[in-house]
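Start at 1 and go down the list; that is how both ligands and their atoms are numbered.
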Amino acid sequence: MQYASKITGIGSHFPQRVMTNQDLARELAAKGIETNDEWIVERTGIRERRISEPGNPKETNSSLALVAATRALEMAGKTVDDIDQILFATCSPDSLVPTSACWLQTKLGAKRAWALDINAACSGFVYGLAIADTFIRTGQVKTSLVIGSEVLNPMVNWDDRGSCILFGDGSGAAIVERTEAANPRRILSTHLHTDGSLWEVLYVPAGGSARPLTAELIEQKANTMHMKGKEIFKVAVKTLTDFAVTALETNGLTIKDLDWFVPHQANLRIIEAVAKRLDFPMDKVLVNIDRHGNTSAATVPTALDEAVRAGKVKPGQTVLMDVFGAGLTYGAVLARW
Ligand SMILES: CC(C)(COP(=O)(O)OP(=O)(O)OC[C@H]1O[C@@H](n2cnc3c(N)ncnc32)[C@H](O)[C@@H]1OP(=O)(O)O)[C@@H](O)C(=O)NCCC(=O)NCCS
């Protein structure tokens with residue numbers, strides 16, 4: 001028997017606190033840093049984001065994922081006992097040891113599942129789907145829970161107006177199940193690529209084993225994200241476009257065959273530039289960056305969840321997920337819903 005994989009359930013969840021651009025501008029102004037709603041909306045498309053409350057056990061990364069996963073399971077008509085594998089994509093785990101996947105496994109009570117974290121930064125969810133698809137196609141796994149979830153708040157430099165405006169917290173989950181290879185409704189292809197030479201455009205200088213934290217490094221904010229926005233912008237537009245073309249061509253399809261485009265939500269101007277290059281209409285692009293900012297590994301599953309639950313994405317439609325992230329990492333998944 002030849003197998004394929006299929007997304008059968010999707011879910012999302014966000015922390016309670018909404019931080020509008022005005023709220024953020026007020027907080028920065030108190031520190032003598034100037035920004036405003038108009039600049040942020042014009043340069044990024046972001047109007048507000050959700051921020052997890054530090055110390056709130058309901059708003060840790062794995063706790064947000066618990067709610068998203070429960071919603072995805074409900075949609076798929078599955079229970080925790082059906083899960084064979086948990087792939088938790090995040091660059092902001094609850095703790096390094098144990099992983100967020102382990103925390104989620106015990107919170108869910110998914111006793112049969114083996115679980116691990118994947119860190120491909122913003123590309124993590126797509127990497128997770130590709131790994132789940134491979135395990136399922138080789139017959140080793142029947143049902144996989146793939147999470148893309150972040151609590152970036154502690155990694156954001158809230159004194160850097162060039163980056164802190166972008167990020168938000170949130171969680172998305174997908175149930176990926178075995179189906180027959182002949183099923184037209186399946187994951188059609190997955191595409192992954194990494195270029196580690198571009199590490200410097202987005203990185204956290206300290207806090208890993210190569211540069212353990214000291215009080216001095218924390219004082220210097222070396223435990224927060226350092227970003228070269230303009231450099232990332234250019235690479236992102238090119239790679240998102242290239243990966244979309246590759247994914248479609250691999251399947252003998254053209255852009256006219258695509259029903260929904262789900263790009264990583266890092267900046268609305270990046271998304272618009274890619275849609276223009278692909279000659280794809282913006283009303284068929286799933287966008288949630290206006291309300292959530294860049295939630296890293298969570299952007300694609302949360303945007304998809306909203307659209308599926310709103311009845312936009314319908315059975316049999318062709319959906320392209322297309323991402324880039326720190327590393328740099330890139331990836332795409334083409335699926336027939
Ligand atoms: C970060 C980003 C929004 C900056 O937008 P930009 O148009 O490139 O803006 P610049 O950095 O060139 O800054 C333009 C001006 O606005 C200022 N500025 C920067 N942030 C500002 C803010 N929050 N409010 C007001 N002004 C700001 C800059 O100081 C600069 O002023 P100057 O011309 O007097 O020097 C944009 O480059 C971006 O989104 N890049 C991609 C980042 C990304 O995808 N990261 C995640 C990867 S997964």
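- The Thr44 neighbourhood of ligand 1 comprises atoms 3 (C), with distances under 4.0 Å to a heavy atom of that residue.
- In this structure, the protein non-hydrogen atom closest to atom 28 (C) of ligand 1 is Arg161 NH2, 4.0 Å.
- Those atoms of ligand 1 with a heavy atom of Gly229 less than 4.0 angstrom away are 37 (O), 40 (N), 41 (C).
- Distance screen at 4.0 Å: atom 45 (N) of ligand 1 has a protein heavy-atom neighbour inside the cut-off.
- Formation of a donor-acceptor pair under 3.5 Å by the Gln105 side chain with backbone atoms of Ala113 is found in this model.
- Of the protein's non-hydrogen atoms, Thr35 OG1, 3.2 Å is the one closest to atom 22 (C) of ligand 1.
- Under a 4.0 Å criterion applied to the non-hydrogen atoms of Phe324, ligand 1 contributes the atoms 44 (O), 47 (C), 48 (S).
- Counting the atoms of ligand 1 from 1 in the order shown, those under 4.0 Å from a heavy atom of Met227 are 1 (C), 42 (C), 45 (N).
- Protein heavy atom closest to atom 5 (O) of ligand 1, with residue, atom name and distance, is Arg269 NH2, 3.7 Å.
- Protein heavy atoms are absent from the space less than 4.0 angstrom from atom 32 (P) of ligand 1.
- Shown in contact with Arg43 at under 4.0 Å from a heavy atom are these atoms of ligand 1, numbered in order with element: 7 (O).
- Under a hydrophobic-cluster definition in which Ile, Leu, Val, Met, Phe, Trp and Tyr are linked whenever side-chain heavy atoms come within less than 4.5 Å, directly or via other members, Phe125 and Ile271 are assigned to different clusters.
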- After noting the C-alpha distance and the side-chain angles of Val126 and Leu192, does the key distance pass the side-chain contact (heavy atoms from CB on, under 4.5 Å) rule? CA-CA 8 Å; Val126 157; Leu192 304 179; 4.2 Å; yes
Please list, one pair per line, the donor and acceptor atoms closer than 3.5 Å that link side chains of residues 314-331 to other protein atoms, with sequence neighbours excluded.
{"unit_1": "Lys314", "atom_1": "NZ", "unit_2": "Gly311", "atom_2": "O", "d": "3.1"}
{"unit_1": "Gln317", "atom_1": "OE1", "unit_2": "Trp260", "atom_2": "NE1", "d": "2.7"}
{"unit_1": "Gln317", "atom_1": "OE1", "unit_2": "Lys314", "atom_2": "N", "d": "2.8"}
{"unit_1": "Thr318", "atom_1": "OG1", "unit_2": "Arg336", "atom_2": "NE", "d": "3.2"}
{"unit_1": "Thr329", "atom_1": "OG1", "unit_2": "Ala120", "atom_2": "O", "d": "3.0"}
{"unit_1": "Thr329", "atom_1": "OG1", "unit_2": "Ser123", "atom_2": "OG", "d": "2.8"}
{"unit_1": "Thr329", "atom_1": "OG1", "unit_2": "Gly325", "atom_2": "O", "d": "3.4"}
{"unit_1": "Thr329", "atom_1": "OG1", "unit_2": "Ala326", "atom_2": "O", "d": "3.3"}

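- Residue contacts with ligand 1 do not include Ile40, since none of its heavy atoms lies under 4.0 Å from the ligand.
- Counting only distance, with no hydrogens or angles, the side chain of Arg269 and the backbone of Arg43 share a donor-acceptor pair below 3.5 Å.
- Protein heavy atom nearest atom 48 (S) of ligand 1, with residue, atom name and distance: Cys122 SG, 3.2 Å.
- Nearest-residue assignment for atom 10 (P) of ligand 1 (options Glu42, Lys230, Met225; heavy-atom criterion): Lys230.
- Heavy-atom proximity to Gly162, at under 4.0 Å, picks out these atoms of ligand 1: 1 (C), 20 (N).
- Between Glu150 and the options Ser100, Ser52, Ser92, a side-chain hydrogen bond (donor to acceptor under 3.5 Å, both in side chains) holds for only Ser92.
- Every atom of ligand 1 is numbered from 1 in the order shown, and the set under 4.0 Å from a heavy atom of Ala266 is 44 (O).
- Checking atom 35 (O) of ligand 1 against the protein gives no heavy-atom contact under 4.0 Å.
- The heavy atom nearest to atom 43 (C) of ligand 1, out of those in Asn267, Val235, Ile232, is found in Ile232.
- No side-chain donor from either of Thr239 and Asp242 sits under 3.5 Å from a side-chain acceptor of the other.
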- Query: Could you walk me through whether Phe135 and Gln85 pass the side-chain contact (heavy atoms from CB on, under 4.5 Å) check?
  - Reply: CA-CA 9 Å; Phe135 270 94; Gln85 174 190 60; 3.3 Å; yes
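- Just one residue in the list Thr90, Asp94, Thr302, Asn61 forms a side-chain hydrogen bond (donor to acceptor under 3.5 Å, both in side chains) with Ser149, and that residue is Asn61.
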- Stepwise, does the side-chain hydrogen bond (donor to acceptor under 3.5 Å, both in side chains) test hold for Lys107 with Ser63? CA-CA 8 Å; Lys107 286 177 184 177; Ser63 297; 3.0 Å; yes
Could you list the donor-acceptor pairs under 3.5 angstrom formed between side-chain atoms of residues 219-236 and any protein atom two or more places apart in sequence or on another chain?
{"unit_1": "Thr224", "atom_1": "OG1", "unit_2": "Lys221", "atom_2": "O", "d": "2.7"}
{"unit_1": "His226", "atom_1": "ND1", "unit_2": "Thr224", "atom_2": "O", "d": "3.0"}

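- Proximity annotation for atom 4 (C) of ligand 1: of Trp39, Phe233, Phe167, Trp39 comes nearest, heavy atoms only.
- Contacts with ligand 1 closer than 4.0 Å are made by side-chain heavy atoms of Asn294 only, the backbone lying farther away.
- Atoms of ligand 1 found under 4.0 Å from any heavy atom of His264 (numbered from 1 in listed order, with element): 48 (S).
- In this structure, Arg137 forms no cation-pi arrangement with Tyr3, as its terminal cationic atom is not both closer than 6.0 Å to the ring centre and no more than 45° off the ring axis.
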